[in-house]
8 protein chains.
Amino acid sequence: MNSERLAELLEQVARGTVSTGAAMERLRHFPVEQLDFARVDHLRELLQGYQEVVFCPGKTPAQVVAICEALAAASGSFLATRAGPETMVQLRVRFPAAAVNELAATVYLEPDPPRPLVGRGPVLIVSAGTSDLPVAEEAAVVAGAMGNQVERLYDVGVAGIHRLLQRKKALDEATVLIVVAGMDGALPSVVGGMVSAPVIAVPTSVGYGASFGGVAALLAMLNSCAAGVLVVNIDNGFGAAAAAARINRLPR
Amino acid sequence: MNSERLAELLEQVARGTVSTGAAMERLRHFPVEQLDFARVDHLRELLQGYQEVVFCPGKTPAQVVAICEALAAASGSFLATRAGPETMVQLRVRFPAAAVNELAATVYLEPDPPRPLVGRGPVLIVSAGTSDLPVAEEAAVVAGAMGNQVERLYDVGVAGIHRLLQRKKALDEATVLIVVAGMDGALPSVVGGMVSAPVIAVPTSVGYGASFGGVAALLAMLNSCAAGVLVVNIDNGFGAAAAAARINRLPR
Amino acid sequence: MNSERLAELLEQVARGTVSTGAAMERLRHFPVEQLDFARVDHLRELLQGYQEVVFCPGKTPAQVVAICEALAAASGSFLATRAGPETMVQLRVRFPAAAVNELAATVYLEPDPPRPLVGRGPVLIVSAGTSDLPVAEEAAVVAGAMGNQVERLYDVGVAGIHRLLQRKKALDEATVLIVVAGMDGALPSVVGGMVSAPVIAVPTSVGYGASFGGVAALLAMLNSCAAGVLVVNIDNGFGAAAAAARINRLPR
Amino acid sequence: MNSERLAELLEQVARGTVSTGAAMERLRHFPVEQLDFARVDHLRELLQGYQEVVFCPGKTPAQVVAICEALAAASGSFLATRAGPETMVQLRVRFPAAAVNELAATVYLEPDPPRPLVGRGPVLIVSAGTSDLPVAEEAAVVAGAMGNQVERLYDVGVAGIHRLLQRKKALDEATVLIVVAGMDGALPSVVGGMVSAPVIAVPTSVGYGASFGGVAALLAMLNSCAAGVLVVNIDNGFGAAAAAARINRLPR
Amino acid sequence: MNSERLAELLEQVARGTVSTGAAMERLRHFPVEQLDFARVDHLRELLQGYQEVVFCPGKTPAQVVAICEALAAASGSFLATRAGPETMVQLRVRFPAAAVNELAATVYLEPDPPRPLVGRGPVLIVSAGTSDLPVAEEAAVVAGAMGNQVERLYDVGVAGIHRLLQRKKALDEATVLIVVAGMDGALPSVVGGMVSAPVIAVPTSVGYGASFGGVAALLAMLNSCAAGVLVVNIDNGFGAAAAAARINRLPR
Amino acid sequence: MNSERLAELLEQVARGTVSTGAAMERLRHFPVEQLDFARVDHLRELLQGYQEVVFCPGKTPAQVVAICEALAAASGSFLATRAGPETMVQLRVRFPAAAVNELAATVYLEPDPPRPLVGRGPVLIVSAGTSDLPVAEEAAVVAGAMGNQVERLYDVGVAGIHRLLQRKKALDEATVLIVVAGMDGALPSVVGGMVSAPVIAVPTSVGYGASFGGVAALLAMLNSCAAGVLVVNIDNGFGAAAAAARINRLPR
Amino acid sequence: MNSERLAELLEQVARGTVSTGAAMERLRHFPVEQLDFARVDHLRELLQGYQEVVFCPGKTPAQVVAICEALAAASGSFLATRAGPETMVQLRVRFPAAAVNELAATVYLEPDPPRPLVGRGPVLIVSAGTSDLPVAEEAAVVAGAMGNQVERLYDVGVAGIHRLLQRKKALDEATVLIVVAGMDGALPSVVGGMVSAPVIAVPTSVGYGASFGGVAALLAMLNSCAAGVLVVNIDNGFGAAAAAARINRLPR
Amino acid sequence: MNSERLAELLEQVARGTVSTGAAMERLRHFPVEQLDFARVDHLRELLQGYQEVVFCPGKTPAQVVAICEALAAASGSFLATRAGPETMVQLRVRFPAAAVNELAATVYLEPDPPRPLVGRGPVLIVSAGTSDLPVAEEAAVVAGAMGNQVERLYDVGVAGIHRLLQRKKALDEATVLIVVAGMDGALPSVVGGMVSAPVIAVPTSVGYGASFGGVAALLAMLNSCAAGVLVVNIDNGFGAAAAAARINRLPR
């Protein structure tokens, strides 16, 4: 029962063409339909930049292309994540204007004119090693597509702590930090101790043996000795970016 | 090497009483000491409200009282967390003005005058069941002590989904949400789909059998089907509050 | 917004004392309140026998007594589960008419007159060893309090398979079977192959070493080679009984 | 020792051609053989709809076809589950009348005339996301083949709770519900709180990172905060359908 | 239906006082009862020495004494395992003739005259460290009570490999070896490579940290590089002894 | 230092051509060499039937053929286990007299004349489901190659308990039982309660979801409620056969 | 067979009073006894400082005192680790000269005159938080008792990275570093990147929730992004010190 | 801010062309830059032999060749680890002088003239089985490339303990031992008890079933009953070699 139908029903009650008992009965059977219109504005705001995201695993290249065509037709934009090589090729052919990020495995068709920046400051993506780059780049691309200014600070793992310390200025200027690390997952603890801004830690599945596909890094981040470090699932660059967008668009 | 000593050294160089070579040698041996003054302002800002926190486990009641006396003398305030019954009794006797929250196991001596609110909106603590209240209250007390306006929405577990839906207005008005749940850890997923603000999920060790001391809830939260849900460690009400404070004090 | 208030609102709309726009606004702000009256009948049916259940862990004996007094005053009945020894003593003193089952750690005050049997046949509780009895008895007491006829078949572990086979008649006559076992968790597989009725498997934390507090039994039950065996959490006699009640009260 | 042979033996005893001692000796050596005829009726009832199920993994397409030919010759029906693409192709060629469900990876040759509905009401398959559909469809096909009326309610994950609430009527009308979800496994908790009918939760291996191939969802379901939710193994749509059939065919 | 009743039934058939149809009906309803007499001899043999074993955990000292009194009255013997200090004291008072082994936490009342040795050679208990002695002694006492000759070879952990090698003669003379070890669980691999007799490995919960209560030793033993090493549950001295008894009494 | 060299050294001492001091020095530097001759007889006995076993994984077909050629030349026999399809083909071509067991993935060249039976009775291989057959057959082939009489009892899973009970005679006649099961791993518990002979349980990796590649079955077997069940590693048919050989060749 | 007995045997062979055959037979039966004298010197060197260590858990205070009296009588020294409060009291009374370290839970009776320093440089104990001190102090006391110069650098967790950097000189001067950390276990990675000396990482069980008693820190250390970090078991300060002693006494 | 720029700044202060206040400000903004020159010497020392190491997984053969060309041009040397077959082929073609170790999956271009030995004694690589050789060889090649003398002692698993004991001399002569083992991981415990030198244990992923990809061996090594055994990650031959290099180059 959408907004129009509820208004119509109330009008009928007001006009006396529907009894209050009958109105109650109809409301009883569709008790939550009207939630929709109540939530739609907030949802749209929330989902702005999300709604055109296509998660590719489990879909054939042809299926992805078809979905993207529908999205492009409707909104002039789409973002495909975790695209395989063949999917990237087919999307590149079909949408020459789309930006393909091979490292991130993303294809992004930016709306024209571009979506305005909505955040209040830069989202800084920090990563430990070169193997963490695919996840870091996924976070970067998604955060950008959601309207955030994105900065990058890569290859600053804690085993070479001086490289991180040399970039303290970049850390201080960020509004939100997404810190990506595999193996020992130590980087967010160090970063969390250096800044007062929110820190979102993303464990990656980089490593072997007792890294257990990123579990070692995940546990380290959940047990960070820096107070207030927040964690998302292993390799979940998308989730980190979505969380950063929630934070960065905080109503003033 | 603190700020004063660096200034003094530079003065000596300027006066010629210390050669540049000798100055370099001294700087070389203490290469990071001057970090302190560079970071102290930010650190103070970050730690405002943190520095007087006493984590009680592993300390005797007498030790806790002694530490709190020192903190109260220095800053007029302290916050003791995870205090045992005897520790609460002794702190209550020693500091009649302190607020004892038995559910949260906290004792808080508020500064006089109280610390001004620093956040830009309310931090809403949402919890699923009555057994989750100790963690929820710890988050509430800590967030309050860090200068945030705190609101509570308790006992809205997903098995009675209507109770949560009835309180959508409170959810919408929050700047940051801390969602506390044990057992199936499902509440943050539902809340995360209803709001666009940042959601911090706190798994609790409530449950038995295959809850594994909160691991079931933790995993559910890390795998939330609502995009951008952030997670802290099991029972970590303190960490959730600290993260909320980082978010809520975002520079305008 | 409960049923009465919605009726009143609609009356006001019908009388013209509230405009349809104002009515929509009020509905918009309380979008799910009316769920309550829609669900209340079903909920009451579902919760019949549940609503007076008090889960004792984490509550002092005095707290339990106070809650039970309130429940007894309101409905003439209560069921306390996982009661400690002192709680059992205090409830026995306060409610001499209540039935104390020390093995199950339950105290049950039956309504007067007793609740009629609601199920369509017996719920049979089957258990493997004497150590499983506390969980089996919890299931039995709870199922009984929810209005089910309860039968028991105890000490029929698979290492003495003949004892189980000798009781095939009892197995065949059950409408629902709750099969309780620790250690190797093998009993539900054998029972599941002998009957066509629903089988609810309850792993118990009985065992040591690599039983991991019931995980071994839980995994065995989830991997039962008998098709259609259903599983609840470790030691969850209450949950098994609640599920049996759902099944046994299936509308005809 | 089947029924005929036992009857013959007893006849021989009655005629005096076999002594009671010799008869006892023969019974002693085959002590359980006569179980067969005692159980065969119930077993047939139980297994009706099961006996023609072919679990394809580990079998070559040719082997599956051969088994299905034998089943079809014997009973006019078969159901192949988890069939690979090549197996589906070959079965489609050999049995043009069979129904191929590519999503469920099943091939079903319905008996002619169709098996009558045996259940007392609809089995409702509820699923959270599109990635859960293969498991949901397997449950649907198997439940149907076992003689149950099957209804579907798909794509009602808890992150969009309003979509689920809008379909409360369908939930209320189901006799048994099979709720399929991956990732956070939260859906059965919400559904379990909305209905009084039996709820069978099926975790799926959908997800990545700390979903551990469905373990996160499995644990969430075992710890459901809705009382009486029942659980089967990860991805076990077949088992859920078999359990639903046990429940739905409860003797009246 | 025991042996006598079956004989009686067959007699009735032979006499014609019961028809074969009626006899079949009666057999049909008790399809497995006659298993008993078929199995009783073997069971008695198997359980000889087992049947008087009382597993004390979960029983009060008074309960244990009562059970032991019943066993002593019936068979002149009992064996209580995992007895707590108070239970040991009370059994010692009540049965002055019983042998109390404090290390093993066992109390054994030997039959008079003693049970004859039934095995074909010595069962050798080998243990790695002094902390493993309780489990080793439990195995020793139980194996002895089951009629086996028991030898001991203690404190021969692999970190001092020469001590083990010096005792090769004792290893060679054993018919069955029970090898008890915690921590790294390495001893069975070394022993298994030195002898051709059966080796039963018992992991103990000795250790801390990543020993996980004996899991480290258990896994090492399951992965022994010596072919044909057999494993029982953690701390399961009883099970190892029972297995050794099965092996040692092999029919010639 | 082998037996001959030690004898020679002692002769030299006896002849006076080597001083006792020099002899001690040589013994000191080779302190364990003489272990060899002391152990060689037992080792030979132990390894009879083992020494020609080739574990194929990690070796190319050509490498396996070369090793088998060397073994066949030296001893007239070899046994290749876990052979891939191509390896089986090449061995079949090169050794037409060898027996290829495709289910077990073994190729066995029997010595001519055949090795005599060394055990004192049959080793019975019991298995639960058809998917367990590869492991069961590996155990059967290896046990046979080690000189044991091998019997098979397949497809007697506990969900059809009557099939197992009908074969009690075969169970009773076995000297050693190897019980192979995946999924719930329940079969060894039932078998262990029916016989007094040694029972070796082999978990298989059959199953999916929460079977965790055989861990569920492994845990069930370690926690068997039948006393004295022995366990080997997952899928370790070889190890079970080697253990059975140790038991079956017990000196009389 | 010790050195003297072997010499005697060889003398007998040289004198002809024992035949070479008889000598071989005796050597055959005691094949490894002579290992003792060959290894004793190295073993003594290795165990210097170890042999008087008493691991207290599982021993009563009286037992510990008795063992320590024996050790003190024999060698003038002992070291008791993981001593409980009562054990510490009793040892203090009995041995007033012994040093009691309550944090480390150790009691050390130094030999008189003190054991000389055997290492080639300082062993530096680095720890992250105050909760790690018991493990750090155990390592310090044990390393000292084994003859190493011990330095301490405490409370330099990575969340306050500047405190660690300020002490780089101390890090550079250490010959071996023992780095103790709980929670995220990040400290060894940072330290390992700052020094070229050997780094031994000790995870502690400090933390809660998903720290799993130190497993999170253990995994982080095993996956350290600094090359060549070595790890010991959780809370194993003793083992870290023993390893440091092995390294520090490297033959020149 | 490198060394030159700091010197220049201090000169400017000395000359009075920059005020002390301005100098402090500049130092404040670049607080850690000068760390570089302070650490570079130690870093170079530490990284000698490391800096040319290329970890191949995740890189195409062409990428590896390009990196190696750059390294060879800069330093005349490189070491590629975990190279795939095609990468090995391409490197062999491009660098005919490089040493390809197929077992270790390494390609090493030695500098000309060769790097001098820097350690103080041999690093001995000990391995249990032939399947452990790839990891053992990786350790050997890396240790050699870092300037250590490398010795090998292979195929001395504990199930044939005499082979290890016969080589005690080689064990005694090693300065550092790297002990590589899969399956039960028992070898380091035995070796650790035989030598006083540092022992680095490397678990390998060799095994199946409950070896869990090397976790069984890892846990056994962490719980070694030999004091002071050090552990690295599963299959981490590189890390073991790096640690050995740290130990072997200890300043005298």
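Naming convention: chains lettered A, B, ... in sequence-line order (proteins, then strands); numbering from 1 in each chain. None of the values given here were measured: they were computed from a predicted structure.
Only the side chain of E:F212 comes within contact range of chain H, judged by heavy atoms closer than 4.5 Å.
When every heavy atom of E:A244 is checked against every heavy atom of E:V123, the shortest pair comes out as CB-CG1, 4.1 Å.
When each of H:A220, H:A226, H:A186 is checked for heavy-atom pairs under 4.5 Å with chain E, H:A220 comes out on top. With respect to chain H, the highest number of heavy-atom pairs below 4.5 Å among E:G129, E:G207, E:C225 belongs to E:C225. Chain E forms more heavy-atom pairs under 4.5 Å with one residue of H:S211, H:A128, H:G157 than with any other, namely H:S211. In terms of non-hydrogen atom pairs under 4.5 Å with chain E, the most contact-rich of H:G182, H:A217, H:S189 is H:S189.
Put simply, the side chain of E:L79 reaches to within 4.5 Å of the side chain of E:V141, judged on heavy atoms. Side-chain atoms of E:D235 and E:R82, non-hydrogen and from C-beta on, do get closer than 4.5 Å to each other. In this structure, E:V54 and E:C68 have side chains that are in contact, with non-hydrogen atoms separated by less than 4.5 Å. Proximity of H:L164 to H:M194: side-chain heavy atoms (C-beta onward) are separated by under 4.5 Å at one or more points.
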